[in-house]
Amino acid sequence: MGGRLATDCVAISHDPADLEDGGFWAVSTSFEGEFTAAKFATVVNADFPSSSWSQINASWTSSFSQSEYCTYVESIRDSIAKGWVYQVNACRILSAEHKAENLRGLFSQILLNNPAPWACYFEIPGLNIASASPELFFQRNGDLAKTSPIKGTQRLDENGFGIKDTAENVMIVDLMRNDFGRICESGTVEVTRLLANEDHPGLRHLVSDIEGQVRNNLTWKEILESLSPPGSISGAPKSSALSVIREKESVRGPYCGALGWIEGKNAQLSVAIRIFWKDEKIHFGTGAGITWNSDPIQEWEETQLKATRLISIAGGELL
């Protein structure tokens, strides 16, 4: 991740307390809160070792059909109308058959064809992720912390974000300010960038920055529990949004969790979006933020837009 290559795994942990030893740990948390970290003995500045990739030939199936996803969006709008929630990130999981041993070759192709600021590759027994994440979840340098939520997506040939995207971004900024208020010194949390346009391969995003000073003697377990799951891929209020997601969606797994590294009082954790992960099949997650102003078909099209470029790199037909 970010030009740092970690090898020689010496420990795998599911206890965030182990992060306090100051070593270099690659970290993956699931959307549902499962924690996995791998400690590496060798960390160097180096390019990712290039591997070949055999493209997927199968079709990608979706956990929601278009009509099912649109019904999901309408149910969220109904919950908003009743005052239960203000915004929910509605996701679906794409899956395809492929016999690849690992995702190294796919990540090599991502680096070439879809460079992303928080691209990351993680491979340990039982967990294999190739990420093209554009979104920073939590960056820490000593006592200084930063998060950069994304809300708002459009094609590069479109001009200007609408009221829906702007309102949604401000809503999640407020949520992340509150989350940072749980881990930062009083009076230090501030919005240092609001509603900035960022261009990425094939997409433009609306991004804001929130920064603060981490309280003394706070453990990594306390920090992760206070911030997880990321607000931008859950919703507001977070507790109500999570209740809606649990009712409507299947398990997201590593998708929409956190992915990156922690070393002492330094960290770079991305929001685990635009990721492929592997078990018996290869999976890819895509979603959209739903507000009262959402149009179900347009939200479906946004999930297609987010998936199309990366699926074309992996191969296979996106139905």
Side-chain angles (χ1 to χ4, degrees), residues 1-2 31 86-91 110 114-120 131-141 144-181 183-184 188-212 227-236 238 241 255-260 267-275 285-291 293-294 298-299 301-303 305-310:
M1 183 180 192
F31 179 76
Y86 305 123
Q87 191 263 8
V88 177
N89 203 64
C91 296
I110 287 172
N114 197 98
W118 307 105
C120 179
S131 165
S133 177
E135 184 173 357
L136 174 65
F137 173 44
F138 186 72
Q139 183 179 66
R140 182 179 182 182
N141 295 300
L144 298 178
K146 177 182 177 182
T147 185
S148 301
I150 287 176
K151 274 298 159 198
T153 301
Q154 63 181 201
R155 297 188 305 273
L156 292 177
D157 60 1
E158 295 181 85
N159 293 314
F161 286 95
I163 294 174
K164 183 259 183 185
D165 288 324
T166 301
E168 189 179 3
N169 191 289
V170 171
M171 193 182 304
I172 298 304
V173 165
D174 191 49
L175 186 154
M176 293 308 299
R177 283 177 65 250
N178 289 336
D179 280 359
F180 258 39
I183 67 165
C184 292
T188 68
V189 178
E190 58 180 333
V191 179
T192 54
R193 184 174 61 147
L194 184 63
L195 303 176
N197 287 356
E198 280 190 7
D199 287 355
H200 297 266
L203 297 173
R204 179 174 295 114
H205 289 306
L206 202 57
V207 186
S208 298
D209 295 336
I210 301 99
E211 299 183 27
L227 300 180
S228 297
S232 64
I233 45 71
S234 51
K238 187 184 283 189
Y255 174 56
C256 291
L259 180 65
Q268 287 187 4
L269 297 174
S270 64
V271 179
I273 55 174
R274 318 288 156 80
I275 71 165
T286 185
I290 311 304
T291 68
N293 291 321
S294 289
Q298 289 181 2
E299 300 297 353
E301 291 300 329
E302 180 172 321
T303 68
L305 176 64
K306 290 173 177 175
T308 298
R309 184 183 180 95
L310 286 160

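Minimum interatomic distance between A288 and K306 (heavy atoms only, all atoms of both residues): CA-NZ, 4.1 Å. Considering all non-hydrogen atoms of both residues, S234 and A241 come closest at O-CB, 3.6 Å. Looking at every heavy atom in both residues, I233 comes nearest to P230 through CD1-O, 3.1 Å. When all heavy atoms of P229 and C256 are compared, the pair lying nearest together is CB-O, 4.4 Å. Annotation for W118 and S270: closest pair CB-CB, 3.6 Å, computed over non-hydrogen atoms. Contact between G152 and F161 at its shortest, heavy atoms only, is C-CE2, 3.5 Å.
Just one residue in the list I172, N178, V173, D174 forms a side-chain contact (heavy atoms from CB on, under 4.5 Å) with M176, and that residue is I172. Shown are I183, T147, V271; of these, the side-chain contact (heavy atoms from CB on, under 4.5 Å) with F138 is made only by I183. For the salt bridge (charged side-chain N to carboxylate O under 4.0 Å, His left out) with R204, the lone residue among D165, D199, D157 that qualifies is D199.
A donor and an acceptor atom, one from each side chain of E135 and S148, are nowhere located under 3.5 Å apart. Counted by atom type alone, N169 and K164 present zero donor-acceptor pairs between their side chains at under 3.5 Å. Of the N and O atoms on the side chains of S294 and E299, at least one donor lies less than 3.5 Å from an acceptor on the other residue. Q87 and T291 share no donor-acceptor pair across their side chains, judged by distance under 3.5 Å alone.
For the pair K151 (side chain) and S232 (backbone), a donor-acceptor distance under 3.5 Å is present. Put simply, the side chain of K238 gets close to the backbone of L227: a donor and an acceptor are under 3.5 Å apart. When atom types are taken as modelled, the side chain of T166 and the backbone of I163 share no donor-acceptor pair closer than 3.5 angstrom.
One distance of note links OG of S133 with CD1 of I275; it measures 9.0 Å at 0.5 Å rounding. Remark: T153 OG1 to E302 CD distance equals 4.5 Å, nearest 0.5 Å. In this structure, OG1 on T303 lies 12.5 Å from CD on Q298, to the nearest 0.5 angstrom. Going from atom CZ of R274 over to atom OG1 of T286 covers 7.0 Å, rounded to the nearest 0.5 Å. Between the CD atom in Q268 and the CG atom in N141 there is a gap of 7.5 Å [rounded to 0.5 Å]. Remark: F180 CZ to L175 CG distance equals 12.0 Å, nearest 0.5 Å.
Between S228 and F137, the closest side-chain pair of non-hydrogen atoms falls below 4.5 Å. Side-chain contact between L269 and L259: absent, with no pair of heavy atoms (C-beta onward) separated by less than 4.5 Å. With contacts defined as side-chain heavy-atom distances shorter than 4.5 Å, the pair I273/P134 qualifies. Two residues are said to be in side-chain contact when any heavy atoms from C-beta on lie closer than 4.5 Å; L305 and R155 meet this criterion. In this structure the side chain of D209 never reaches within 4.5 angstrom of the side chain of L136, judged on heavy atoms. Proximity of N197 to L206: side-chain heavy atoms (C-beta onward) are separated by under 4.5 Å at one or more points. Residues I210 and T192 form no side-chain contact, since every pair of their non-hydrogen atoms from C-beta on lies 4.5 Å or further apart.
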side-chain contact (heavy atoms from CB on, under 4.5 Å) assessment of L310 paired with N114 = CA-CA 7 Å; L310 286 160; N114 197 98; 3.9 Å; yes
Start with the C-alpha distance between E198 and R193, add both sets of side-chain angles, then the distance that settles salt bridge (charged side-chain N to carboxylate O under 4.0 Å, His left out), and finish with yes or no.
-> CA-CA 12 Å; E198 280 190 7; R193 184 174 61 147; 2.8 Å; yes
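Within 6.0 Å of the OH atom in Y86, the count of heavy atoms belonging to other residues, nucleotides or ligands does not exceed 12. In the displayed structure, L156 atom CG is contacted under 6.0 Å by more than 12 heavy atoms of other residues, nucleotides or ligands.
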